[in-house]
Every structure is written in C-alpha cells, then in structure tokens.
Protein chains: 2
Amino acid sequence: MNARPASASLNAPALYEQVAERLRTRIFSHDLAPGSWIDEQALAQEYGISRTPLREALKVLASEGLVILKPRRGCYVTELSEQDLDEVFPVMALLEGRVAEEAARRLTSADFSRLQAIHDELEQHAATNDADRFFDANQRFHSALQEIAGNRYLSQLIDDARKVIKLTRRDSLRLDGRLRQSLAEHRDILDALRRGDSGLAGQRMHDHLLSGREALAKLHVASRA
Amino acid sequence: MNARPASASLNAPALYEQVAERLRTRIFSHDLAPGSWIDEQALAQEYGISRTPLREALKVLASEGLVILKPRRGCYVTELSEQDLDEVFPVMALLEGRVAEEAARRLTSADFSRLQAIHDELEQHAATNDADRFFDANQRFHSALQEIAGNRYLSQLIDDARKVIKLTRRDSLRLDGRLRQSLAEHRDILDALRRGDSGLAGQRMHDHLLSGREALAKLHVASRA
DNA sequence: ATTCATAATTATGGATGCAGTATTATTGCA
DNA sequence: TGCAATAATACTGCATCCATAATTATGAAT
C-alpha cells in the first residue's frame with residue numbers, strides 16, 4: 001500500500017541530468033549567451049557540486065547541439081548562423097508536418113477537444129498580446145499533437161530540434177503582427193484537423209513552421225539595421 | 001609555411017570520443033549484444049583507461065540511443081522492439097526522401113558521375129553477392145547524396161537514425177533476394193536523379209527505405225519461426 | 001613603442017578514492 | 001526443503017587530485 005519507497009531514489013534524476021536541465025534553462029534565457037565560454041569551475045562552485053557531473057551534463061548538451069566542446073579549449077554556447085536556421089527550419093517543418101498528418105489520421109473526438117481547449121488559450125493570449133503565455137500554450141499544442149501522432153522517435157527528433165531553435169529565442173513571436181499571424185495559421189491547422197484532412201493538416205503545419213522561419217529572418221534583418 | 005604544429009593535438013579526438021567510437025563498433029557487431037549490461041570497470045581496464053572518460057562516452061552513446069542509462073543500475077545496450085523499428089523507419093524514409101529530393105535539385109553532372117561510380121560498385125557487389133561490400137557502398141551512396149543535398153542538420157539526423165537502425169544489423173540485406181531488390185530500387189533512384197525529377201527521386205528513396213523495413217520485418221518473422 | 005620569447009597562471013582531461021545503494025550470498029526459521 | 005531476513009559484496013555516482021596543455025602576463029630586444 002505504500003508508494004514504493006525505492007522509487008524515491010529511482011525517480012530522482014541523476015545529478016548530471018538535473019544540471020543539464022538547469023543549464024538548458026540558462027542557455028535558453030540567454031543568461032548563458034550564444035558564443036560565451038562556460039566556466040566549469042565557477043558553475044560547479046555555484047551549484048555546489050564537483051566538475052565531474054557538470055562535465056557529463058555538458059557532454060549531453062553537446063550532443064543536443066546546445067553547446068560545442070572544443071578539445072582542450074573548453075565549452076561554448078552554440079551560436080546559430082542564418083545558414084544553420086535555414087537548415088533546421090525546413091527539417092522541423094518536415095517533421096512537424098508529418099506529425100500533424102499522422103495526428104489527423106488518428107484523431108479521436110476527445111483528442112480534438114483537448115486541442116480545441118489549448119487553442120482557446122491561444123486565442124485568449126493573442127487577444128491580450130501575451131507573448132509568453134502564447135508561446136507556452138503554443139508549445140503545449142504542438143506537444144499534444146506529437147502525443148496523438150504516437151511516434152516517440154519522431155517526437156524526440158522534434159523536441160531536439162526545438163531545443164536548437166530555442167537558442168534564437170528573442171522570440172519571433174514578439175515581431176509585430178507575428179502573434180496574430182501565428183494564431184491564424186493555428187486556426188487553419190485546427191480546421192484541417194477537424195475535417196480529418198490529414199494531407200491538408202500536414203501541409204498547413206509545414207507552412208506554419210516555414211512561416212515562423214520567415215518571421216525570425218525579418219527580425220534578424222531588423223535588428224541588424 | 002608549416003602545417004600548423006598545434007593542429008596535431010587539436011586533430012586528436014578527445015579520449016571519450018575515441019572510446020565512444022570503439023564502443024559503437026562493438027555494439028554494431030553485437031560483440032556487445034542488445035540488452036547486455038556494460039561493465040564499466042572491465043571495459044576501462046581493457047582499454048587501459050579510467051572510468052571517467054568511459055562514462056562520458058556512455059553519456060554520448062545514450063543520447064544517440066545506442067545505450068540506455070538506468071540510474072544507479074548501470075548501462076545497457078539498447079534493445080529495439082518491432083514498434084521502435086516501425087517508428088524509426090518511417091521517419092528515416094521521410095528524411096532520406098527529402099535528401100534525395102534536394103539532391104536532385106542541386107545535382108551537377110560531376111555529382112552524378114560520382115553517384116554513378118558508387119552505383120557501379122553496387123552492381124558489382126550485387127553480382128558477386130557480397131553483402132558486406134554492398135552494404136558499405138550503399139552507405140557511401142547515401143552519404144554522397146546527403147553531401148549533395150547540402151543540409152548538415154538533416155544529414156546529422158539521418159546519421160543518428162542510421163546508428164539506431166544499425167542496432168538490428170543482422171542485416172536485412174542478407175535476406176534472400178533483398179540485395180537484388182535493393183539494387184533495383186537504387187537503379188530507379190539513380191534514374192530519377194538523372195532525369196532531374198526531384199519529386200520522383202524523393203518518392204523512390206522514401207519507398208526504398210520502407211522497403212528496407214519490410215525486408216527486416218520478414219527476417220524477424222522468419223527468425224521467430 | 002612594438003613584437004617576440006619566455007615564464008607564470010589557469011583550465012582541461014584523466015586518474016583515483018570514497019560514500020551510498022543495489023545485488024547477491026548466507027543463514028536462520030517455518 | 002523453501003522462504004525470508006540479514007549480512008557481505010559489488011557497482012554506481014560524485015568528489016578530489018594531478019599532469020598536461022593553453023592562455024595570459026612579463027620582460028627583453030630591436
């Protein structure tokens with residue numbers, strides 16, 4: 001009747017994984033800025049741990065593409081070039097498009113209600129121009145679709161790609177009008193899902209992602225001017 | 001005029017990376033069999049290194065999906081279920097299809113000659129029924145296409161997926177007739193590339209991968225009987 | 001004053017040691 | 001003889017330590 005006493009320690013993620021997660025947060029927030037050097041000693045001291053689990057965490061982040069390990073020269077936060085973005089986004093569009101397509105095929109009415117509920121949040125936050133909450137709900141919408149599509153491997157690739165894309169997170173959603181446009185695109189995707197048109201859902205999701213890339217490009221051009 | 005004296009040490013991969021590569025080889029060869037426990041001490045001793053770099057290597061392999069790390073319980077070689085394969089292959093087909101499509105768009109005549117040369121090897125090894133060399137040439141063909149397509153991110157995802165698929169390498173190519181069939185599919189792909197029909201090239205590559213999955217499925221059913 | 005060489009400092013990568021936990025073996029009891 | 005409880009063993013995960021290489025600072029020479 002107890003809650004598995006052993007599970008307490010089993011459920012506790014390894015220290016290196018906890019550290020990896022903390023570092024991800026700091027990288028996404030640009031607290032650790034792209035291109036900046038990661039001071040192992042300082043971080044280990046700050047977290048009150050030794051360098052060993054920290055270094056293991058950095059290995060994980062490196063394989064996720066969030067940092068790059070330069071042998072004998074330390075670890076640096078990844079800087080994405082425009083070319084990198086032009087490579088990642090089309091792939092992301094391909095993968096997310098597939099998810100939408102597959103989700104449309106398997107969609108139950110319960111699933112749809114769930115998506116509808118999240119979409120309503122999107123409408124709300126778009127109305128109040130709350131980019132942060134919009135972003136959050138947006139992510140949950142996409143995650144829900146992934147779950148419905150039911151391909152864990154595909155999901156994992158998307159999650160990884162999303163991490164990479166989040167490196168650029170001075171949020172294209174903050175571009176004037178982008179939030180409204182994103183919402184409109186979501187409406188169209190939801191519409192295709194309701195109609196059960198998997199091809200169309202896939203196509204619209206695909207284009208939605210590319211549209212996100214364009215918004216980001218505009219933002220970068222603007223910030224350069 | 002010198003050849004950069006520093007590059008000697010820079011070129012040397014980190015120890016953990018060397019170890020990771022050695023482990024990959026042993027995993028693919030089933031020297032370390034799926035599901036088997038990885039004895040850190042024994043391996044470290046065998047390689048004449050400490051457990052530290054070995055453990056770092058295992059972190060990398062874990063993020064590649066070749067092993068799974070069970071907290072406090074050690075590291076095990078990944079076992080792929082049929083469901084896993086049914087998830088990975090369609091994604092692989094999607095990605096490789098995209099590569100073929102993109103490569104077809106960018107293909108120069110020099111590129112085509114290169115592909116043709118590799119394909120000729122395939123014909124050779126198919127004729128002599130040399131599965132190992134066929135496999136090798138096959139991999140080079142796909143790699144060449146990836147290079148031509150010119151999307152490094154896409155390439156990386158495919159490379160990762162290929163590693164996962166290689167876990168099952170009791171080679172579907174060894175299935176009777178599969179080698180011939182694979183060759184025929186390659187001919188068709190090359191044909192589409194020559195004609196510059198990117199859509200067709202993508203489609204055929206996509207189907208080629210799914211065909212590979214089917215061959216593997218037959219093999220597994222057969223081995224169960 | 002600038003540049004190059006050399007010395008001092010600092011950081012990385014790897015080895016070793018140790019505490020805590022899981023696993024296995026052993027012993028006692030039903 | 002089988003099962004449970006407990007003791008012994010073994011392994012994982014983290015910390016600490018050390019050697020080597022890279023970076024920076026210092027000083028000399030042009």
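A, B, ... follow the sequence lines: proteins, then strands. Residue 1 opens every chain.
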Heavy-atom contacts under 4.0 Å between residues 16-23 of chain B and DNA chain C, which residues?
none
Counterpart residues, side-chain hydrogen bond (donor to acceptor under 3.5 Å, both in side chains), relative to A:Ser113 (two or more places apart)
none
Can you list the residues that meet the side-chain hydrogen bond (donor to acceptor under 3.5 Å, both in side chains) rule with B:Asp111, with sequence neighbours excluded?
B:Thr108
Between the two end axes of the helix from C:dA1-D:dT30 to C:dA30-D:dT1, each built from 5 base pairs, what angle do you get to the nearest 10°?
10°
Separation of [X] atom [atom1] from [N] atom [atom2], in whole Å?
X: A:Gln45; N: D:dT16; atom1: CD; atom2: C1'; answer: 14 Å
X: A:Tyr76; N: D:dA22; atom1: OH; atom2: C1'; answer: 10 Å
X: B:Ile49; N: C:dT16; atom1: CD1; atom2: C1'; answer: 14 Å
X: B:Leu58; N: C:dG14; atom1: CG; atom2: P; answer: 14 Å

Can a donor-acceptor pair be found, under 3.5 Å and without considering hydrogens, that links the side chain of [X] to the backbone of [Y]?
X: A:Glu96; Y: A:Leu209; answer: no
X: A:Asn151; Y: B:Glu87; answer: yes
X: A:His206; Y: A:Gly202; answer: no
X: B:Thr78; Y: B:Gly65; answer: yes

Do you see a donor-acceptor pair shorter than 3.5 Å between the side chains of [X] and [Y]?
X: B:Arg178; Y: B:Ser211; answer: yes
X: B:Gln41; Y: B:Gln45; answer: no
X: A:Asp130; Y: A:Gln124; answer: no

Among residues at least two apart in sequence or on other chains, which ones pass ring pair (Phe, Tyr, Trp, His ring centres under 6.0 Å) with B:His208?
B:His142, B:His186
Heavy-atom check, side chain of B:Arg152 versus side chain of B:Gln156, under 4.5 Å
no
Each nucleotide in nucleotides 8-13 of chain D should get exactly one letter: B, S or -. Can you fill that in based on protein heavy atoms under 4.0 Å?
---SBB
For B:Ser50 and C:dA15, is the shortest distance between a side-chain N/O and OP1 or OP2 below 4.0 Å?
yes
